[in-house]
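Note that the structure is predicted; figures quoted are calculated from it, not measured.
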Amino acid sequence: MPQLPAFPTGPIRFFALDVETANSDVGSICQLGVACVLDSGAILTWGCHVDPGTVRFSNSWLHGITARHCIGAPRIGAVIDHLNPHLSGRTVYQHSSFDQRAIRAASAALGRSEPDWGWQDSVKVARAAWPELKGNGGHGLGNLKKVLGLNFEHHDAIEDARAAAMVVLMAAQA
């Protein structure tokens, strides 16, 4: 079985999670990233490619991940098992509801219940902090990158998780 990277430890305040999918099947997770926000405000990241169990990578045009990147990668069940001790019952931000739906669909495909992670939505946080963006580019990560001056590589799960965490931290100061 492929070795997963060690998960960050320390006094973690909250997490942000993002996934990329291989195709239109919301459960076809091919990359997963987690940002761990420490009590100090520092952000540590964790992530890996995931073998989605398919050769159909029709979303490669968006994120650049192909079947070649996922050869030998762990399957989503192993990734969830690795993350669950850290995320169970904890606050986990996603930027929209897509990531939770993807984890739910991937879990269902394995015949499992969705993990008990305390999902929150950083889009809702951004809407509350910057209501003036409604109709003015919106609250998606692409627009928030420009408006807030965020520095990240969009459509990389690790980078997008870090960006969602930054949005939450910046909103708390707005």
Chemist: Testing N143, V125, V167 one by one against W130 for a side chain to side chain contact (heavy atoms under 4.5 Å, CB included), which residue passes?
Modeler: V167

Chemist: Using every non-hydrogen atom in the two residues, find where P74 and L4 come nearest and quote the distance to one decimal.
Modeler: CG-CD2, 3.3 Å

Chemist: Step by step, work out the ring pair (Phe, Tyr, Trp, His ring centres under 6.0 Å) result for Y93 and F15.
Modeler: CA-CA 6 Å; Y93 282 93; F15 301 94; over 10 Å; no

Chemist: In terms of heavy-atom contacts, does NZ of K124 have more than 12 from other residues, nucleotides or ligands at under 6.0 Å?
Modeler: no

Chemist: With a 4.5 Å cut-off on side-chain heavy atoms, are V168 and H95 touching?
Modeler: no

Chemist: Please evaluate residues L38 and I43 with respect to the criterion side chain to side chain contact (heavy atoms under 4.5 Å, CB included), reporting the C-alpha separation (whole Å), side-chain torsions for both, the decisive distance (0.1 Å), and the verdict.
Modeler: CA-CA 6 Å; L38 302 179; I43 300 173; over 6 Å; no

Chemist: Without swapping roles, check the side chain of E114 against the backbone of R104 for a donor-acceptor pair under 3.5 Å.
Modeler: no

Chemist: Could you check whether any side-chain N or O of H69 sits under 3.5 Å from a backbone N or O of T66, counting only pairs where one atom can act as donor and the other as acceptor?
Modeler: yes

Chemist: If only atom types and distance count, is the side chain of S107 paired as donor or acceptor with the main-chain N or O of R112 below 3.5 Å?
Modeler: no

Chemist: Where do V50 and C70 come nearest, in terms of heavy atoms and distance?
Modeler: O-SG, 3.3 Å

Chemist: Specify the closest pair of heavy atoms between A161 and D18, including all atoms of both residues, with the distance to one decimal.
Modeler: N-CB, 3.7 Å

Chemist: At their closest point, which heavy atom of D121 faces which heavy atom of V123, and how far apart are they?
Modeler: OD1-N, 2.8 Å

Chemist: Which heavy atom of Q94 sits nearest to which heavy atom of D99, and what is that distance?
Modeler: OE1-N, 3.3 Å

Chemist: Just by modelled atom types, is the I65 backbone N or O under 3.5 Å from a matching donor or acceptor in the S60 side chain?
Modeler: yes

Chemist: With a 4.5 Å cut-off on side-chain heavy atoms, are F7 and P85 touching?
Modeler: no

Chemist: Check for a donor-acceptor pair, side chain of N23 on one end and backbone N or O of F57 on the other, with a separation under 3.5 Å.
Modeler: no

Chemist: Give a yes or no answer on whether the side chain of R162 reaches the backbone of N151 with a donor-acceptor pair at less than 3.5 Å.
Modeler: yes

Chemist: From L141 CG over to K146 NZ, what is the distance, rounded to the nearest 0.5 angstrom?
Modeler: 12.5 Å

Chemist: Considering non-hydrogen atoms only, spot the tightest contact between D160 and F152 and give its length.
Modeler: OD1-CE1, 3.4 Å

Chemist: Is there a side chain to side chain contact (heavy atoms under 4.5 Å, CB included) between M170 and L150 once you walk through the steps?
Modeler: CA-CA 10 Å; M170 293 176 80; L150 300 175; 3.4 Å; yes

Chemist: Which is it for S24 and R56 under the side chain to side chain contact (heavy atoms under 4.5 Å, CB included) test, yes or no, and what are the steps along the way?
Modeler: CA-CA 9 Å; S24 60; R56 201 170 49 104; 4.1 Å; yes

Chemist: Is there a side chain to side chain contact (heavy atoms under 4.5 Å, CB included) between I12 and V37 once you walk through the steps?
Modeler: CA-CA 6 Å; I12 298 175; V37 179; 5.6 Å; no

Chemist: Apply salt bridge (Lys or Arg N to Asp or Glu O under 4.0 Å) to residues D116 and R90 and explain how you reach the verdict.
Modeler: CA-CA 8 Å; D116 178 27; R90 302 289 306 275; over 6 Å; no

Chemist: Listing request: all side chain to side chain donor-acceptor pair (under 3.5 Å) pairs with a residue in residues 31-53, at least two apart in sequence or in separate chains.
Modeler: Q31-D156

Chemist: Angle between ring planes, W117 versus W119, binned at 30° and 60°: parallel, tilted or perpendicular?
Modeler: tilted

